[in-house]
Student: 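If you scroll down you'll find the structure; I have some questions about it.
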Amino acid sequence: MLPTPRKRCSAYLGLLTAAAILVQQHRHVEALPGKTLTTSTMNQRLAGMEYAVRGTVVIAADRIAHELEEKTVEHPFDHILFTNIGNPQSVGQKPLTWPRQVMALADLPDEVGVDHPLASQMFPSDAIERAREIKKALGGHGTGAYTHSQGPLGFRKDIAAFIEERDGGIKSDPNKIFMSNGASAAIQDVLTALIADEECGVMIPIPQYPIYSATIDLLGGQKVGYYLDEETGWDCNMEELERALNDARSKGTKVNSFVLINPGNPTGQVLSKKAVQDIVKFCSKNGLVLLADEVYQENVYDDNAEFYSCKRAAAETGLLDKNSIELVSFHSTSKGLYGECGRRGGYMEVVGIDPEVEAHLYKKASAALCSGVPGMVMADLMVKGPKPGDASYESHEAEKKAIYDSLKRRAKIVEVGLNSIPGFSCQPAQGAMYVFPKVTMPEGAIKAAKEQNMPVDTMYAVSLLESTGICVVPACGFEQEEGRHGFRTTFLPSETEMEKAVELFRKHHEDFCSRYA
């Protein structure tokens with residue numbers, strides 16, 4: 001006999017609690033006979049590191065997905081809707097055609113690719129020409145050979161030209177650009193350089209993206225949280241920045257850096273020009289290296305908002321000319337309109353950084369030889385697409401516009417839909433790919449979660465998963481103000497699926513509140 005939905009939910013909650021207890025116990029057991037590396041002897045910073053985006057709830061979702069495939073347990077849905085991670089192509093976004101055509105030609109040997117007599121019948125002329133440029137930039141060695149550790153110079157020149165055009169002509173030096181395996185690897189490298197000892201602190205937004213908290217914990221640094229203002233659309237309050245910095249320094253923390261995620265993840269806000277300028281001035285005044293996470297710069301949906309880079313803000317406030325800012329900016333092929341997460345393409349630009357530190361960052365990159373070549377190729381294609389008049393220009397722009405327009409509609413579907421549910425409060429998604437609603441939890445649920453020794457957000461997310469098949473990330477995984485509850489969801493699945501998801505969110509919340517009333 002198959003278990004009922006309520007019994008299944010209780011069973012999973014029990015399983016998750018038991019797993020958490022087991023992990024804690026394993027941190028204190030003696031090594032098994034003959035085993036040197038155990039949970040007791042391993043790096044305890046790694047053992048304690050948490051990454052909520054692929055955490056407890058996702059583990060349960062993977063288990064249920066397997067049960068659905070094997071038909072071993074009956075569920076009230078036929079598939080898992082993974083809205084836990086910004087992975088567009090995994091939930092239906094089609095790859096852009098032109099970049100994939102160029103990638104295919106770049107990968108193929110010349111005789112069966114760009115030089116094949118029928119190539120022009122299979123590929124547009126601008127894809128063939130661009131593939132030749134790519135191959136030349138790779139030194140004629142193809143995509144299977146190592147490159148310069150910062151990435152091929154030709155690619156870095158294209159990235160510099162993209163940055164200059166984006167920022168109104170402000171100069172960018174290709175030698176200050178490091179290509180990387182997504183933005184994540186570059187972020188980890190910079191944090192590795194910044195966190196010299198356990199007294200070093202990094203200011204991070206609350207809520208924040210878990211790569212920052214997880215990496216800081218792994219490196220043994222101190223997280224210095226500054227709270228975004230939910231009531232003003234997750235804006236950045238300068239008084240709050242001063243409070244967070246002064247509190248940390250008064251306790252002996254050597255705060256040396258500041259993380260800005262704009263557009264925001266998980267919060268979806270797009271900061272105003274003034275807000276970004278205030279932040280660069282704050283960092284300059286207080287001697288903080290500014291880490292500008294700008295991977296969602298193409299994802300701006302609010303007609304009254306506009307992406308404004310930290311580099312442009314530094315230039316227009318005079319800080320660049322005075323060499324009074326230390327800035328590292330990150331971008332990625334995983335987001336925007338490309339959504340090429342699996343390619344692991346990205347880069348960072350370093351500005352105003354001590355040349356000797358740059359040399360050590362280069363050494364760090366050299367130790368890995370180079371980042372993945374397919375990712376670097378995709379990053380180059382992202383920053384330098386077809387030009388007006390090229391054979392693929394109109395079709396490429398049409399594909400990008402279709403993705404953008406649909407994302408804009410989906411952002412509104414989710415915002416309006418969640419705000420119509422009693423007990424939900426959801427700020428608009430001005431940009432990025434997520435919303436971060438606040439959910440009022442019944443007291444009975446809060447009590448039950450304490451008894452289960454887990455955050456009520458996690459219990460709620462598991463209940464949602466078990467009831468609807470929707471996989472979200474508990475808000476506690478991003479950190480939040482005490483007493484606040486909720487979750488993060490993407491709006492990447494199709495418009496039809498997101499409309500259905502809103503109704504499932506509604507029904508689940510009604511049932512959840514009734515169960516724990």
Side-chain angles (χ1 to χ4, degrees), residues 1-27 48 50-65 67 73-77 80-84 206-207 210 230 266 418-419 421-426 435-489 501-517:
M1 180 177 177
L2 295 174
T4 64
R6 181 170 293 187
K7 287 181 179 178
R8 285 202 311 274
C9 187
S10 298
Y12 272 101
L13 290 172
L15 174 65
L16 294 170
T17 303
I21 293 171
L22 189 61
V23 169
Q24 291 295 330
Q25 289 174 341
H26 277 186
R27 291 176 183 169
E50 295 183 3
Y51 189 68
V53 173
R54 291 187 182 269
T56 298
V57 181
V58 183
I59 293 170
D62 288 339
R63 180 187 293 270
I64 295 172
E67 291 171 353
V73 177
E74 184 179 320
H75 293 277
F77 44 83
I80 300 294
L81 186 64
F82 285 98
T83 67
N84 61 297
I206 304 295
E230 184 168 8
L418 293 184
N419 275 325
I421 302 173
F424 273 60
S425 174
C426 183
V435 290
F436 195 65
K438 178 165 60 177
V439 179
T440 302
M441 299 287 182
E443 287 301 318
I446 295 172
K447 180 180 178 182
K450 287 181 180 178
E451 292 171 354
Q452 292 280 354
N453 193 30
M454 70 167 57
V456 69
D457 289 0
T458 303
M459 189 176 83
Y460 186 91
V462 173
S463 172
L464 176 70
L465 171 67
E466 275 286 306
S467 301
T468 67
I470 301 173
C471 179
V472 300
V473 186
C476 56
F478 300 89
E479 303 192 32
Q480 58 189 333
E481 287 190 341
E482 187 172 351
R484 185 194 188 277
H485 306 295
F487 57 86
R488 185 194 79 167
T489 180
V502 166
E503 294 311 309
L504 290 172
F505 282 129
R506 184 190 313 278
K507 185 175 188 310
H508 169 262
H509 189 66
E510 292 170 353
D511 293 345
F512 187 86
C513 289
S514 296
R515 187 189 318 160
Y516 290 103

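All heavy atoms count here, side chains included; hydrogens, waters and symmetry mates do not.
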Student: Rounded to the nearest 0.5 Å, what's the gap from OG1 on T458 to CG on L465? Could you check?
Tutor: 12.0 Å

Student: Calculate, to the nearest 0.5 Å, the distance between atoms CE and NE2 belonging to M441 and H485 respectively.
Tutor: 6.5 Å

Student: Students often mix this up, so state it plainly: with edges at 30° and 60°, are the rings of Y460 and H508 parallel, tilted or perpendicular?
Tutor: perpendicular

Student: Check whether N419 reaches the backbone of C426 with its side chain - one donor and one acceptor, N or O, closer than 3.5 Å.
Tutor: yes

Student: For the residue pair Y516 and A445, what are the closest heavy atoms and their distance?
Tutor: CB-N, 3.5 Å

Student: Compare every heavy atom of F436 with every heavy atom of P207, then report the nearest pair and how far apart it is.
Tutor: CG-CE2, 3.3 Å

Student: How far apart are the closest heavy atoms of F424 and L418, and which atoms are they?
Tutor: CB-O, 3.1 Å

Student: Under the 3.5 angstrom rule, does the side chain of R488 hit a backbone N or O of P474 as a donor-acceptor pair?
Tutor: no

Student: How far apart are the closest heavy atoms of V472 and A461, and which atoms are they?
Tutor: CG2-CB, 4.0 Å

Student: So E466 and H75, side-chain contact (heavy atoms from CB on, under 4.5 Å) or not? Walk me through it.
Tutor: CA-CA 8 Å; E466 275 286 306; H75 293 277; 4.1 Å; yes

Student: Could you tell me whether the side chain of S467 and the main chain of S463 form a donor-acceptor pair under 3.5 Å?
Tutor: yes

Student: Are any of the side-chain nitrogens in R515 or D511 under 4.0 Å away from the carboxylate oxygens of its partner?
Tutor: no

Student: Is any side-chain heavy atom of V439 closer than 4.5 Å to a side-chain heavy atom of F487?
Tutor: yes

Student: Between CG of L464 and CG of L504, what distance do you get to the nearest 0.5 Å?
Tutor: 8.0 Å

Student: Which atom pair, heavy atoms only, marks the closest approach of A449 to P455?
Tutor: CB-C, 4.1 Å

Student: Apply the test salt bridge (charged side-chain N to carboxylate O under 4.0 Å, His left out) to residues K507 and E510: give CA-CA distance (whole Å), side-chain angles for both, the deciding distance (0.1 Å), then the verdict.
Tutor: CA-CA 5 Å; K507 185 175 188 310; E510 292 170 353; over 6 Å; no

Student: Test V57 against N84 for side-chain contact (heavy atoms from CB on, under 4.5 Å), laying out the working first.
Tutor: CA-CA 9 Å; V57 181; N84 61 297; over 6 Å; no

Student: If you compare all heavy atoms of A475 against all heavy atoms of Q480, which two are closest, and at what distance to 0.1 Å?
Tutor: CB-OE1, 3.4 Å

Student: Between D457 (side chain only) and C476 (backbone N and O only), is there a donor and an acceptor less than 3.5 Å apart?
Tutor: yes

Student: Say you draw a straight line from CE of M459 to CD1 of I446; how long is it, rounded to the nearest 0.5 Å?
Tutor: 9.0 Å

Student: Given the side-chain rings of F505 and F512, with only the six-membered ring counted for Trp, is the space between their centroids under 6.0 Å?
Tutor: no

Student: Salt bridge between E481 and R484, side-chain N to carboxylate O under 4.0 Å?
Tutor: no

Student: To the nearest 0.5 Å, what is the distance between CD (E482) and CD (E479)?
Tutor: 12.5 Å

Student: Side chains of C471 and L81, heavy atoms from C-beta outward: is any pair under 4.5 Å?
Tutor: no

Student: To the nearest 0.5 Å, tell me how far I80 CD1 sits from T468 OG1.
Tutor: 8.0 Å

Student: Are any of the side-chain heavy atoms of E230 and K438 separated by less than 4.5 Å?
Tutor: yes

